Amino acid sequence: MAENAAVEIRDDREHSTLVAYEDGTSAGTIAYFVMDPAPGALVAVHTVVRPEHEGKGIAGALVREFYAMAAREGVPVVPLCPYAAKWAQRHPDEAPEAPGELVREAERQLRRHPELF
């Protein structure tokens, strides 16, 4: 599905969310955390698009921007979110694979973030 050009994506680091807005309304989010020691990696935990915004490419746009944001910050992405992991497999040129030990550490650190479950 083509990505929606009318979507604005903003990072809300304070609340650990990357938010997509369509016409000024929150349309979807990626919940994430920054691995310790910061900035070890950005870890995508959940990708959610509101039902009324599904099928517009918003989830893909969020994940693409999440990887771009990590690249700008010079850190890897660990896609623990199933959607983000599947997107990364389909876009290996935009989504470098995280080393296995980094993934295991991200899984360990996720347990310290119960607000993201």
Side-chain angles (χ1 to χ4, degrees):
M1 172 103 356
E3 290 180 7
N4 188 333
V7 172
E8 177 188 353
I9 299 176
R10 288 183 259 169
D11 180 25
D12 183 353
R13 188 66 52 108
E14 183 179 334
H15 294 102
S16 298
T17 55
L18 187 66
V19 185
Y21 294 90
E22 185 175 46
D23 299 323
T25 302
S26 174
T29 61
I30 290 180
Y32 73 92
F33 68 94
V34 179
M35 280 183 65
D36 291 326
L42 296 181
V43 182
V45 180
H46 296 294
T47 302
V48 178
V49 174
R50 294 178 183 265
E52 63 272 22
H53 296 280
E54 289 178 354
K56 299 178 181 180
I58 292 171
L62 278 164
V63 177
R64 178 170 275 123
E65 176 55 27
F66 192 72
Y67 273 91
M69 182 174 76
R72 288 190 300 271
E73 295 179 21
V75 297
V77 166
V78 178
L80 296 183
C81 161
Y83 179 86
K86 190 175 290 186
W87 186 94
Q89 288 175 343
R90 290 191 315 260
H91 300 88
D93 54 321
E94 297 177 70
E97 188 173 347
E101 66 184 55
L102 189 64
V103 174
R104 288 187 291 282
E105 178 60 17
E107 290 170 337
R108 189 184 70 71
Q109 288 189 24
L110 176 59
R111 292 191 287 275
R112 294 191 311 218
H113 294 277
E115 73 279 7
L116 296 176
F117 287 102

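Predicted model, so just to flag it, every value in this text is computed and none were measured.
- No side-chain heavy atom of His91 sits under 4.5 Å from any side-chain heavy atom of Val63.
- Of all heavy-atom pairs spanning Ala106 and Phe33, the tightest one is O-CZ, 3.6 Å.
- Partners of Tyr67 under the ring pair (Phe, Tyr, Trp, His ring centres under 6.0 Å) rule, at least two apart in sequence or in another chain, are Trp87.
- In this structure, CG in Asp11 is found 9.0 Å from CZ in Arg72, a value given to the nearest 0.5 Å.
- Here Leu18 contributes atom CG and Leu62 contributes atom CG; the two are 5.5 Å apart, rounded to the nearest 0.5 Å.
- Under the side chain to side chain donor-acceptor pair (under 3.5 Å) criterion, Glu107 pairs with no residue, sequence neighbours left out.
- Atom CZ in Arg112 sits 5.0 Å away from atom CG in Asp36 (nearest 0.5 Å).
- Here CZ of Arg10 is found 13.5 Å from OG1 of Thr29. Values are rounded to the nearest 0.5 Å.
- Scored by the side chain to side chain donor-acceptor pair (under 3.5 Å) test, Gln109 finds Glu105 as partners (sequence neighbours excluded).
- Side-chain atoms of Lys56 and Val7, non-hydrogen and from C-beta on, never get closer than 4.5 Å to each other.
- Following chains of ILVMFWY side-chain contacts shorter than 4.5 Å, one cannot reach Ile58 starting from Val48, and the two form parts of different hydrophobic clusters.
- The hydrophobic cluster containing Tyr21, built from Ile/Leu/Val/Met/Phe/Trp/Tyr side-chain heavy atoms closer than 4.5 Å, also comprises Val19.
- Other residues, nucleotides and ligands contribute over 12 non-hydrogen atoms within 6.0 Å of the CD atom of Glu94.
- Rounded to the nearest 0.5 Å, atoms CZ (Arg50) and OG1 (Thr25) are 8.5 Å apart.
- Remark: Asp12 pairs with Glu14, His15, Thr17 by the side chain to side chain contact (heavy atoms under 4.5 Å, CB included) rule, at least two apart or across chains.
- In the displayed structure, Glu52 atom CD is contacted under 6.0 Å by more than 12 heavy atoms of other residues, nucleotides or ligands.
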Sequence neighbours left out, cut at 3.5 Å: what donor-acceptor pairs do the side chains of residues 73-80 make with other protein atoms?
unit_1: Glu73; atom_1: OE1; unit_2: Arg13; atom_2: NH1; d: 3.4
unit_1: Glu73; atom_1: OE1; unit_2: Arg13; atom_2: NH2; d: 3.4
unit_1: Glu73; atom_1: OE2; unit_2: Arg13; atom_2: NH2; d: 2.6

